[in-house]
Amino acid sequence: MSVSSVSARREDPAPDTFRALELPLLIFFSVLVLRSAWICDDARITLRVVQNLLNGDGLVWNIGQRVQVYTHPLWMATLIPAVWLTGDTYLTPMALNLIAAAGSVAILLKRIGHQGWNLIAALVLCFSVAFVDYATSGLENALSFLLLALLCDRYFRSGPQTTLPSFLRTTLLFSLILLNRMDLLVLAGPIWAAIALCAVRALGLRRTIFAALFGMVPFAAWIAFSIIYYGFPYPNSAYAKLGHGVPQGEITSQGFIYLLDSLTRDPVTLTAILLATALSCNARRLSPNAPVALGMLLYVVYTVHVGGTFMSGSFLAAPLLLAACIISRIPTQPATPRLAAAAALVVLIGLAAPAHTLSAVAATLPEQSQWNYLTTNGITHERYFYAHANGLAGASRREIAERMHPYRQANDVRRVTFMTSVGQGGLVSGPRAHIIDRVAVADALLACLPAITDPDWSIGHWNRHVPDGLVEGILRRKNLLADTRLRAFADHLDLIISGPIFSAERFQAIWRMNRGEYSGLIDRGAYERPSLEARVHSKWDCERIHVLHSDLSNALDFLPFQEQPVVVYLDAMRNDAEIRMELTTNDEYEVAFLQGRDTVSDSVHLADFGETRTTSVIIKVPAAAVKAGYDRIEIRGMDGKRRHRLGMVLFPAERPADEVTPQP
Amino acid sequence: MTDPRPDNRGQHRLLLGAAIAFLAVLILRTAWISDDAQITFRVLENFREGFGLVWNPGERVQVYTHPLWMLLLLIAQSFTHELYLTPILLGLLLSIAAVAIVAFRLGREGGGIIAVLALSFSSAFVDYSTGGLENPLSHFLLAIYFTMFIQHRHAMTPRILSRLTILVALILLTRMDLILLVAPAWFVALWSCRKARPRTVSIRSLVPGAAILAAWFLFSLIYYGFLLPNSAYAKLGHGTAARDLLLQGFLYLLDSLTFDPVTLPFIACACIAAITPAQRRECAPIAIGLLLYVVYTLKIGGDFMSGRFFAAPLFAAAIIVARLPIPPASSRFAAIAAIIIVLGLASPTPTISSEAAHLTEITRWDHVRRTGIHNERYFIAISTGLANMTRKQLAEAMRKPRQPDQVRKVICTLWAGAPGRTFGTVSHIIDPVGVADPLTARLPARENPDWNVSHWERVIPDGMVETKLRGVSLYTDPGVAAFAAHLDRIVSGPLLSRERLRSIWLMNTGQLNRLVSREAYRHPSAALRRGSDWDGSRFHVLARELNLSGDAISLFWNQPLVIYLDEQMYAPRIRLKVEMEDRYTVTFLSGRQALADAVELAATKEAGLEWREVVVPAAAAEAGFDRIEVSGFDGNGGYRVGAMEPVAP
């Protein structure tokens, strides 16, 4: 036995030991993910679409408007059968996320990594706040992790012997990655290209192109479906988030702030990405990790280019997985002291995060503390922000049950309402609520408008000006936009998203819309810098719940409301001196009579009647309102925190004879 | 497989000893007494005063779930005459002995140290190594049982089987549900013995263990009238849907993972280790047992005490891990130890933290979570934590709690332990959760979507309070009255009377269940609910007992006192002895109905119990009143109410 072999054996850290640690590490990762399991507000946007589909209303956000509000068709398609089977929109996405994320780490440990370094790579993932946070969240990230891990595995195993079926499977995988999130093209593209290059050498150009085209069929089929069904190839959020009109310089600087935020809140992630980049640089020859590193770096550059997002670290979780793949394949001998030092370093850097992955603080956070996790530059530690509302650990049984079946809390009053956190609100409000999202992720018309010029814009949340007449038009199912050119644009858009799917006019409108032929109809200046009067009108609309008198009267339920007043739109101008209204009687209210948005008299104050029940009250309409006439009635609960309920609003001709006049 | 080199073995034993000493320090730093343990302590105090092993004197109800632990405390208490340090020290000694048995007798190389390390960083194990509950005795018996099983696994004899069976009996007497944990190993032992020996020999060896169990059940059936403790009926007969319980069980698991991240992952790893070919033969039955116990915990919805139900499975997992031959100087050992320490420190309340010693009345509530699962030690530590005690508090804790008064009264309280001891033997305590009351335990819990696990609140049947006060059946529900009559015969009647034995038979065979409408108590009417809430939020006393005692009743928790008169009274004025420096309102009632507005008694500057004259409102004097309700307010909180008498016109 030579000296060198003895020393090698002494350095050999017993592969059995490393193998024995793989499963505990996978369990450790799963425990961390389960402890931090949550559902983010954006995921609930997709879940509302899934609920609407399962209710038979199509893949839509607001019933009657085919708008693709989700960016992850494959994840959405995964959720549909799962939610259909379980009927739950809270634990099911989390469980799917957890399985996919644990699967990606298992692939890294067992298939991609070299023994020893694979443990360090997995430890990096365990201590990355971004990776652990977005291992659940209800978004597509975990599925992306799994698919990317599979792609990396295929890449590292691919060689000159690439066969046609093998390349076909790889391309299918690549296609699924794009279906899961289109911008992963930047991340996975170089890896697929490297595999394709091997395939060209092994199979020839023609066969490779054939396999590539065949493999991309799922993606192409989706694009075709998207154009036919939704009228657009890309999701609505892409138009909303990219068509904001903010100068690129500002966006790029926000992108750098996003990286800085990650370094501050989650030092492991970018450090590991930098380390992986360094490991892939080889001056003498092309490193086998080069395509993986290229994809990872391109994605980081893309992140900076789009200004990152408001969710701290979410865009860096996928590149981190590629970084972990590179780290797991460090070619040097994995000596125990070196590994121990590396592990200690990872743990140390990981614990330097203010809300590190081992912390259980999120499980006990009170509701008020959520604002501590929103920074002035618009980036939030989203999991902590929603920990009280959507975190699994610490939630009570009742909270979990409510989150599992939010549509059960919905009521059947058709109404128009504005929200900022549309996901949670959208699910709880139910299918009869037409929800307008001012940041335009969920609204097709607003997504086509430029964002309001605002030097303090917040990334991912570009507010749009709500055009005059939009709300009443939705309520009355007519195009009532005051801006005549925008009205013409909306007619075309309405044909695309609400018209019969297979009409020739619609396809013509789709063609012209996607070519930008209608863009000239939008006066961008008027919507980027709206007039004071337009701003006041827009604000008035956004701060209220709007309901048609006939819809309220025909509904089986009462309409719940809290801070936002309810505006009842009457069918015609009324001069009745008395109206009857059903309300919860332990609250105080103010009732105002309006013409358009203008009050025509003083408000009527309704005192608290004491007992908690819902009853009819008769309201004497002020003489000025009777004389001038009114076409809207506004009901405002005086205690914003309480849950008020409004039932029917009836005029004397509609009143039953046996009612009692209550005390004013 | 032990280390062959003696010098290494010495070093190894030294390391083990140091690890166990470290664990002992942790247990001592976190020593405390839980509220549930004080339920048993009240029984022991009643026994010492000659009332028998009962909760309320005159009612033979088994409120404790751990007969053997109770017996051990009884013996220890007869030497030490106190019930604070005794259970803590007993818990510490038994826990350390259990760990030492596992580490020194079963531990292979570094496996034993890893096991001790895991136990040291598990909040569940450290917290419930004291607490005054039966966990340390369970661990001690489990250690002996599994040590014997593993050491004789390959050569099982009837003698060993007999000892194992005796141990199983003792474990069951410590906590019945541990049957799931020990049964697989016992069946394996029985099977091995039967394969090697004739059937009769094997069966004969079961007799001593069976006799111990039979003796207890016979005693329980004759003395208490039931085979199982009262809490079993209360905690299993609540009527909550299995699906809801399962969800709560899942939350219990998640709670453990979040706040005590060592325990469940360690159990999972031990289960995986137990099915490896090298360990399968001796450890697989233990792993099956602990898995069964975890599933059972999930099924019953866990407990309100975070991690308590995982302490025993964790201990069993430690036994499995102790058997793993991990060299102490190996990288594997270092890595596993590091993972355990990192996970242990990931707990918001790690075992090495001394935060519990500095909690305040406000911060203790941070440890009560929305899930209904508490870090019970942190919540209770402020009043019973050893590290929180001043010299005076320690002296008071070691004495029998000073009873505030000597007047017999009826009190309803959800937290039975500490109040039960405070109010002493003269008070009859009704526990609406049913743990300490035989009647409410046999009623379904009232429907409540926000139910708290282990605290299933019952409706107090109408007339129950007055029945307990006057000693005659005054239940308004005839079904409940008939049911309570049988129950009363069982828990209060002459032990060996024929009627009692018949009632025991009828009750235990479920023939009396039809008397009570479960639906009426699961979904009580508004009137029943209001009556129950009214009864549950007051102290109740008979006027004649109040007058005879010569003492005054202290009104704790700002609860009003209701004085029950023997007959309708029409006096225009009454005299009432009250603490002078507080203000009171006096309301005259017929049943629970106020007959007139409350009369207010002003405070004086002088302290002390003095007679005050109260003018009865004309409406009340005219209609006649049979109860007087006295509430204290706006004073120093030390409200006291003494005798009451009418003033002749």
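Residue numbering restarts at 1 for every chain, and letters A, B, ... go by the order of the sequence lines. Because the structure is predicted, anything quoted here is derived from the model rather than measured.
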Q) Checking A:Leu392 against chain B: side chain, backbone, both or neither under 4.5 Å from a heavy atom? A)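 For A:Leu392, heavy atoms of backbone and side chain both lie under 4.5 Å from chain B.
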Q. Between A:Leu23 and chain B, which part of the residue has a heavy atom less than 4.5 Å away: side chain, backbone, both or neither?
A.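 Contact with chain B involves the side chain of A:Leu23 alone.
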Please classify the contact of [X] with chain A as side chain, backbone, both or neither, using a heavy-atom distance under 4.5 Å.
X: B:Asp450; value: both
X: B:Ile272; value: side chain
X: B:Leu257; value: both

Q | Atom of B:Leu251, atom of A:Ala395 and distance for their closest heavy-atom approach | A |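 Here B:Leu251 and A:Ala395 meet closest at CD1-O, 3.7 Å.
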Q.
I need the minimum non-hydrogen distance between A:Leu21 and B:Ala335, along with the two atoms involved.
A.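 That closest heavy-atom pairing would be CD1-CB, 3.5 Å.
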Q: Drop me the distance from B:Leu246's CG to A:Arg397's CZ, to the nearest 0.5 angstrom.
A: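 Going from the CG atom of B:Leu246 to the CZ atom of A:Arg397 covers 12.0 Å.
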Q: May I ask you to name which of B:Pro348, B:Pro449, B:Ala338 has the most heavy-atom pairs under 4.5 Å with chain A?
A: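 Result: the option with the highest number of such pairs is B:Pro449.
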Q: With a 4.5 Å cut-off on heavy-atom pairs, point out which of B:Ile336, B:Leu345, B:Leu343 contacts chain A the most.
A: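 Maximum pair count with chain A is reached by B:Leu343.
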Q) Around B:Ile362, counting heavy atoms of other residues, nucleotides and ligands shown, do more than 12 lie under 6.0 Å from its CD1? A)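 Incorrect, the count does not exceed 12.
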Q) What do you reckon, is CG of A:Asn372 surrounded by more than 12 foreign heavy atoms closer than 6.0 Å? A)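 Above 12, so yes.
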Q) Which residue pairs pass the side-chain hydrogen bond (donor to acceptor under 3.5 Å, both in side chains) test with at least one member in residues 261-275 of chain B, sequence neighbours excluded? A)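 Only B:Ser122-B:Thr263, B:Asp260-B:Thr263 qualify under side-chain hydrogen bond (donor to acceptor under 3.5 Å, both in side chains).
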Q: Would you mind telling me which of A:His356, A:Arg35, A:Arg398 has the largest number of heavy-atom pairs within less than 4.5 Å of chain B?
A: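 Of the options given, most contacts go to A:Arg35.
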Q | Interface residue of largest heavy-atom contact number with chain B, from A:Thr364, A:Leu34, A:Val361, under 4.5 Å | A |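 Of A:Thr364, A:Leu34, A:Val361, A:Leu34 has the most heavy-atom pairs under 4.5 Å with chain B.
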Q. Can you list the residues that meet the ring-ring contact (aromatic ring centres under 6.0 Å, His included) rule with B:Phe304, with sequence neighbours excluded?
A.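 In terms of ring-ring contact (aromatic ring centres under 6.0 Å, His included), with neighbours along the sequence ignored, B:Phe304 is linked to B:His374, B:His455.
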